[in-house]
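Have a look at the structure below before the remarks.
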Amino acid sequence: MKEIQKTELLHNQVYHILKGMIIDGEYQPGERLVETRVAERIGVSRGTIREAFQMLLKDYLLVRNGKAISVYNPSVQDIIDVYQCRISLESLAVKLATQNITDEELSKLAEVINDSKIAVNMNDTKKLTQLNQEFHDIIDLASHNHQLIQLCDVIKTKILYIRTSILKVHFKNFSDFVDDHERILLAIQNKDAVQAEQEMHSHIEKSFNTIKATFKTVIDQ
């Protein structure tokens, strides 16, 4: 768990701490969270926890049932719904990014791909997971559509939570997604919005197929 820093608003820090704990599985899906216990664990006031809870409720990582607040525990249909949204939102994001991206953002994408290739050779899965997220974040921001950026952020948070905490799915062949990223970047560089959209759709669909195969295995057990 990260330590509290004095330079940032306390409830924002606690929000990020709790968000990380939920995604990392320190709180289990469906587990009820009690303000007093969480406050004692982190070392802050109940009021601060309450504010952080409100932010996590907006992210849908926490859910309210009457007075009780618990960790989001998605159904299979929830997972399908989230991925269908991600495919549509990120395909639109890359289409807009192709039209609006800056030279600096293009350079950042190229740098992320370079770093990803190095990480593949070193089999650094933690770094690759981070770089994968960074690649998609840059594209979302390059869309220059603030509403879309916010929606993508919520969806990606839920995807990360579903993948790591619910289904415990981890990338097996990182070189595949790096190749996908290269094709997406090439389409953006060529200002081919249609091709970029198709590449992104295909890229996320591959991930979705892995997820579907995983929860089918879980259901059949």
Side-chain angles (χ1 to χ4, degrees), residues 1-87 89-90 125-130 132-134 136-137 140 146-171 204 207-208 210-212 214-219 221:
M1 186 172 69
K2 292 182 179 178
E3 294 183 359
I4 299 294
Q5 305 294 322
K6 294 181 180 180
T7 54
E8 187 182 348
L9 289 172
L10 189 56
H11 68 275
N12 282 341
Q13 292 184 67
V14 173
Y15 158 71
H16 287 295
I17 288 169
L18 283 173
K19 184 177 178 179
M21 292 169 75
I22 291 168
I23 289 172
D24 291 340
E26 292 187 48
Y27 289 112
Q28 295 302 304
E31 181 177 350
R32 183 177 175 182
L33 299 189
V34 180
E35 284 180 9
T36 51
R37 292 178 189 167
V38 178
E40 286 173 7
R41 181 174 181 180
I42 297 178
V44 296
S45 70
R46 285 181 62 188
T48 301
I49 293 298
R50 196 174 300 121
E51 288 182 87
F53 277 6
Q54 290 302 315
M55 296 169 76
L56 289 162
L57 284 164
K58 289 180 180 178
D59 284 347
Y60 301 101
L61 287 180
L62 295 182
V63 294
R64 188 190 297 277
N65 184 8
K67 292 185 178 180
I69 290 178
S70 57
V71 178
Y72 175 54
N73 188 17
S75 65
V76 170
Q77 189 59 52
D78 288 336
I79 296 170
I80 292 170
D81 291 348
V82 168
Y83 256 93
Q84 287 176 337
C85 288
R86 187 190 176 198
I87 288 174
L89 290 171
E90 292 208 47
T125 55
K126 185 176 181 180
K127 182 68 173 177
L128 282 161
T129 300
Q130 174 195 326
N132 176 62
Q133 186 67 52
E134 189 175 345
H136 288 274
D137 287 346
D140 294 344
H146 297 298
Q147 294 298 319
L148 181 59
I149 291 165
Q150 289 176 13
L151 290 169
C152 285
D153 190 47
V154 171
I155 289 294
K156 281 186 290 187
T157 296
K158 291 181 82 169
I159 290 290
L160 184 59
Y161 168 67
I162 288 166
R163 193 172 63 220
T164 60
S165 190
I166 303 294
L167 298 175
K168 304 190 186 306
V169 175
H170 301 280
F171 292 110
I204 297 175
S207 178
F208 187 23
T210 300
I211 294 293
K212 285 191 289 187
T214 302
F215 64 61
K216 184 178 186 304
T217 301
V218 171
I219 291 167
Q221 287 176 347

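All figures in this text were calculated on a predicted structure; none of them were measured in a lab.
- Take Glu35 and apply the side-chain contact (heavy atoms from CB on, under 4.5 Å) test, not counting sequence neighbours, and it matches Arg46, Ile49, Arg50, Phe53.
- In this structure, CG on Leu56 lies 5.0 Å from CD1 on Ile22, to the nearest 0.5 angstrom.
- The two residues Ala52 and His11 make their nearest non-hydrogen contact at CB-O, 4.1 Å.
- Contact check for Asp140 versus Asp153: no side-chain heavy atoms found under the 4.5 Å cut-off.
- Taking NZ of Lys19 as the reference point, atom OH of Tyr161 lies at 13.5 Å (rounded to 0.5 Å).
- Between Arg163 atom CZ and Ile79 atom CD1 the span is 12.5 Å, to the nearest 0.5 Å.
- A salt bridge links Lys156 to Asp137: one of the charged nitrogens lies within less than 4.0 Å of a carboxylate oxygen.
- In this structure, Asn132 contributes its side chain and Thr129 its backbone to no donor-acceptor pair below 3.5 Å.
- Remark: Leu18 CG to Glu26 CD distance equals 10.0 Å, nearest 0.5 Å.
- Taking 4.5 Å as the limit, some side-chain heavy atom of Arg64 sits within range of a side-chain heavy atom of Gln54.
- Counting heavy atoms from C-beta outward, Val71 and Leu62 have side chains that approach closer than 4.5 Å.
- Every residue two or more places apart in sequence or in another chain that forms a side-chain contact (heavy atoms from CB on, under 4.5 Å) with Ile149 is listed here: Leu141, Ser143, His146.
- Here the side chains of Tyr83 and Ile155 are not in contact, with every heavy-atom distance at 4.5 Å or above.
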Chi angles and distances behind the side-chain contact (heavy atoms from CB on, under 4.5 Å) call for Val154, Gln150: CA-CA 6 Å; Val154 171; Gln150 289 176 13; 6.0 Å; no

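- The side-chain contact (heavy atoms from CB on, under 4.5 Å) test applied to Lys127 returns Ala119, Asp124, Gln130, Leu131, not counting sequence neighbours.
- Closest non-hydrogen pair, Gly30 versus Ser70, comes out as O-CB, 3.7 Å.
- Using a 4.5 Å cut-off on side-chain heavy atoms (C-beta onward), Pro74 and Val82 make no contact.
- Here the CG atom belonging to Asp59 is positioned 5.5 Å from the OG1 atom belonging to Thr157, to the nearest 0.5 angstrom.
- Contact between Arg32 and Ala68 at its shortest, heavy atoms only, is NE-CB, 3.7 Å.
- Distance check: His16 NE2 to Met55 CE gives 6.0 Å after rounding to the nearest 0.5 Å.
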